[in-house]
Amino acid sequence: MSGEIAFGASGEIESEEGERLQKVLARVGWGSRRECEVLIEDGRVKVNGEVAVLGRRVKTQSDKVEVDGVVIGVAPGLVYYLLNKPVDVITTSKDTHGRKTVVELVPLEPRVFPVGRLDADTEGLLILTNDGELGHRLTHPSFGIEKEYLAHVKCGQNGVSESALKKLREGVELDDGVTSPAEVGQVQTGVLRIVIHEGRNRQVRRMCDAVGYPIERLVRVRIGPIIDRTLAPGKWRHLSTGEVVELNQATTN
Ligand code: URA
């Protein structure tokens, strides 16, 4: 529309033609402007479904930008938080009758939503964002993003039996079907490291229950490429642009 102005990242006025594509890509972490020019020259970037050429400008609010077939968020104001969720905090953005929620542990504006969920009694890493596209891909089963947990289970002094570990690895019969193969190891007597690709409700707890070792403490320590051993419970930090790029890459078909 003639005379229309929009505000780009950092509040600067974006011209009607939009911003240069390589500048936008560099800002969201795909490398230096020169590296982003090479991405464009190599035909790896599409705008609104068409391969972009150097000199292309984009309207960050409305144009759909893809790198290597992955839609990436370029709109100004996208935020990505990594939270270390403590126990007794609910993973929801809705009203919970006074119970504390994960969205209350991060800045209130802009509004973000949790990506996937952790039970109230589960601790550990949770991503919150307002990037609906990435959030959708991270939880979509077709991408099978790995989630890694440390599960402290109730067991005797001999720890978890080899046969139970084998069942957990190969698949456990649950009331909503058999679980997919998982990576499972006993890192310490009674402490299991479990990597799953699915995200069924209370899956890890139900898997451990099913083989006779109920969980006493469950901590998520990795989401795809994202780990953080220093973030204290209840604290959050921004994901770096590099981490956001890695998440985008991890959800490429
Ligand atoms: N599996 C569970 O059982 N609980 C969680 O919170 C996450 C995975």
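Start at 1 and go down the list; that is how both ligands and their atoms are numbered. Residue numbers start at 1 and run along the sequence shown.
The backbone N or O of V71 lies less than 3.5 Å from a partner atom in the side chain of R137, making a donor-acceptor pair.
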Can you give me every donor-acceptor pair (side chain of residues 112-120, partner residue at least two apart or in another chain, under 3.5 Å) with its distance?
residue: R117; atom: NH1; partner: D119; partner atom: OD1; Å: 3.4
residue: R117; atom: NH1; partner: N201; partner atom: OD1; Å: 3.1
residue: D119; atom: OD2; partner: R202; partner atom: NH1; Å: 3.4
residue: D119; atom: OD2; partner: R205; partner atom: NE; Å: 3.0

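When ring centroids are compared, Y81 and H238 come within the 6.0 Å threshold.
For the pair E50 and K46, the salt-bridge criterion is not met [side-chain N within less than 4.0 Å of a carboxylate O].
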I'd like the atom pairs linking ligand 1 to the protein - N or O on both sides, separation under 3.5 Å - with distances to 0.1 Å.
residue: ligand 1; atom: 1 (N); partner: V204; partner atom: N; Å: 3.2
residue: ligand 1; atom: 3 (O); partner: R202; partner atom: O; Å: 3.3
residue: ligand 1; atom: 3 (O); partner: Q203; partner atom: N; Å: 3.4
residue: ligand 1; atom: 3 (O); partner: V204; partner atom: N; Å: 3.2
residue: ligand 1; atom: 3 (O); partner: R205; partner atom: N; Å: 2.9
residue: ligand 1; atom: 4 (N); partner: D119; partner atom: OD2; Å: 2.7
residue: ligand 1; atom: 6 (O); partner: D119; partner atom: N; Å: 2.8
residue: ligand 1; atom: 6 (O); partner: D119; partner atom: OD2; Å: 3.3
residue: ligand 1; atom: 6 (O); partner: T122; partner atom: OG1; Å: 2.9

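Side-chain contacts under 4.5 Å among hydrophobic residues (ILVMFWY), followed directly or transitively, place V187 together with L150, V191, V219, V221.
Sorted by first and then second residue, the ring pair (Phe, Tyr, Trp, His ring centres under 6.0 Å) pairs with a member in residues 162-203 form an empty list; sequence neighbours excluded.
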